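Some notes on the structure that comes next.
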Amino acid sequence: LIAAYAQLDNHKRIGELLQSNLKSMPKGADLPPQQYFGALQALLEALNQSGDKAEARKVLATAREDVKGHPMVDKMNEFLDQLSGQLNKPGVGDVMEISYTSVQGHKVDLAELKGKVVLVDFWATWCGPCVAELPNVKQTYEAYHDKGFEVIAISLDQEKGKLESFIKENDMPWAQEFSGKGWESPLAQKFGISSIPATFLIGKDGKVA
């Protein structure tokens with residue numbers, strides 16, 4: 001049934017079927033992890049496709065109650081934390097609230113850049129694909145900065161000195177945020193960043209394009 005509704009792009013009905021499936025499963029100590037979390041992830045995906053993040057958050061709250069009493073409850077809650085973070089990943093039309101003081105000492109507030117096109121870049125010096133993409137980012141910045149293009153970066157590095165040296169050596173003029181917490185970076189956690197590079201293009205209207 002789910003496969004049939006998927007072909008029809010009827011994500012609402014898929015969600016209803018999966019919620020019914022989850023409700024019918026044993027809870028607590030008898031909860032079957034593989035079946036339960038397989039259905040849960042499929043349900044969250046369906047809700048994501050339909051744009052119903054509020055319902056997805058309710059589903060996760062219910063899941064936290066369902067797993068109570070299970071021998072693996074701690075691991076399950078860690079996984080639920082990951083799923084919760086993924087819900088925060090911005091989509092087209094969303095507004096990202098970002099403000100920080102950069103390692104260069106500049107205050108940055110994304111809201112104040114409305115009217116410009118902004119690339120929000122989550123990256124790290126230890127990330128090979130991030131470094132490989134850097135020449136393209138620099139080329140775009142140099143070509144369009146005078147026309148209103150900005151880059152604001154959030155580094156997932158843990159060594160400030162290494163980051164500052166890399167910025168200087170590679171002549172990166174845009175503002176860099178650094179918390180020193182790696183994957184636990186507050187901004188990475190806020191927006192559900194689980195892999196890098198993760199980039200978001202913000203339109204002149206201040207929304208993710």
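Quick caveat, the model's predicted, so the values are computed rather than measured.
Residues near Val92 contribute nothing to a hydrophobic cluster around it, because no ILVMFWY side-chain heavy atom sits closer than 4.5 Å to its side chain.
Separation of atoms NZ (Lys12) and CG (Asp52) is listed at 9.5 Å; rounding is to 0.5 Å. A distance of 7.0 Å separates OG of Ser194 from CH2 of Trp183, quoted to the nearest 0.5 Å. Ser155 OG to Glu164 CD: the interatomic distance, rounded to the nearest 0.5 Å, is 10.5 Å. Once rounded to the nearest 0.5 Å, the distance linking CG of Asp109 with OG1 of Thr101 reads 10.5 Å. Rounding to the nearest 0.5 Å places CG of Leu47 at 10.5 Å from CD1 of Ile14. From Asp157, atom CG reaches atom SG of Cys127 across 9.5 Å, with rounding to the nearest 0.5 Å.
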Note to self: Evaluate Leu44 against Leu60 for side-chain contact (heavy atoms from CB on, under 4.5 Å), listing each step before the verdict.
What the structure shows: CA-CA 9 Å; Leu44 292 174; Leu60 283 172; 3.9 Å; yes
Checklist line | side-chain contact (heavy atoms from CB on, under 4.5 Å) evaluation trace for Met76 with Leu31 | finding: CA-CA 11 Å; Met76 290 177 173; Leu31 181 143; 3.9 Å; yes
Checklist line | Steps toward side-chain contact (heavy atoms from CB on, under 4.5 Å) verdict (Arg64, Lys68) | finding: CA-CA 7 Å; Arg64 292 189 187 279; Lys68 284 183 177 179; 5.9 Å; no
Check: Leu201 and Val117: side-chain contact (heavy atoms from CB on, under 4.5 Å), yes or no, with the steps?
Finding: CA-CA 7 Å; Leu201 191 65; Val117 173; 3.8 Å; yes
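The ring pair (Phe, Tyr, Trp, His ring centres under 6.0 Å) pairs that include a residue from residues 67-115 are Phe37-Phe79, where partners are two or more places apart or lie in different chains. The stretch residues 5-28 participates, sequence neighbours left out, in no ring pair (Phe, Tyr, Trp, His ring centres under 6.0 Å) pair at all. Residue pairs that meet the side chain to side chain donor-acceptor pair (under 3.5 Å) test with at least one member in residues 165-182, sequence neighbours left out, are Trp123-Gln176. Under the salt bridge (charged side-chain N to carboxylate O under 4.0 Å, His left out) criterion, no residue pair touches residues 191-209, with sequence neighbours excluded. Among residues at least two apart or in separate chains, side chain to side chain donor-acceptor pair (under 3.5 Å) pairs with a member in residues 32-44 are Tyr36-Asp66.
Residues satisfying the side-chain contact (heavy atoms from CB on, under 4.5 Å) criterion with Gln19, sequence neighbours excluded, are Leu43, Glu55, Val59. Judged as a side-chain contact (heavy atoms from CB on, under 4.5 Å), and not counting sequence neighbours, the contacts of Thr140 are Tyr144, Phe149. Every side-chain contact (heavy atoms from CB on, under 4.5 Å) that Val131 has, sequence neighbours left out, goes to Phe166. In this structure Glu16 satisfies the salt bridge (charged side-chain N to carboxylate O under 4.0 Å, His left out) test together with Arg13, sequence neighbours excluded. For Lys89, there are no salt bridge (charged side-chain N to carboxylate O under 4.0 Å, His left out) partners, not counting sequence neighbours. When the side chain to side chain donor-acceptor pair (under 3.5 Å) test is applied to Gln104, the partners found at least two apart in sequence or on another chain are Ser102.
Within the 3.5 Å criterion, the main-chain N or O of Glu65 finds no donor-acceptor partner in the side chain of Lys27.
Atom CG of Leu8 is surrounded by more than 12 heavy atoms from other residues, nucleotides or ligands within 6.0 Å. With a 6.0 Å radius and a threshold of 12 heavy atoms from other residues, nucleotides or ligands, Lys114 has its NZ atom at or below the threshold. Met25 CE: more than 12 foreign heavy atoms inside a 6.0 Å radius.
If you chain together hydrophobic residues whose side chains sit under 4.5 Å apart, Leu83 and Leu18 fall into the same group. Follow the hydrophobic side-chain contacts under 4.5 Å out from Ile154 and you never reach Phe178; the two are in separate clusters. Under a hydrophobic-cluster definition in which Ile, Leu, Val, Met, Phe, Trp and Tyr are linked whenever side-chain heavy atoms come within less than 4.5 Å, directly or via other members, Met96 and Leu156 are assigned to the same cluster. In terms of hydrophobic clustering, with Ile, Leu, Val, Met, Phe, Trp and Tyr side chains grouped at heavy-atom distances under 4.5 Å, Ile202 and Leu187 are assigned to a common cluster. Using a 4.5 Å cut-off between side-chain heavy atoms of Ile, Leu, Val, Met, Phe, Trp and Tyr, with links allowed through other members, Ile193 and Val137 fall into different hydrophobic clusters.
Annotation: side chain of Met172 is in contact with side chain of Leu134 (closest heavy-atom distance under 4.5 Å). Between Leu40 and Leu22, some side-chain heavy-atom pair lies under the 4.5 Å cut-off. Taking 4.5 Å as the limit, every side-chain heavy atom of Asp81 sits out of range of all side-chain heavy atoms of Gln189. Put simply, the side chain of Phe122 reaches to within 4.5 Å of the side chain of Phe191, judged on heavy atoms. The shortest side-chain heavy-atom distance between Val120 and Thr199 does not fall under the 4.5 Å cut-off.
Across every non-hydrogen atom of Val208 and Pro90, the tightest pair is CG2-CB, 4.0 Å. Annotation for Pro129 and Pro197: closest pair CB-CD, 3.8 Å, computed over non-hydrogen atoms.
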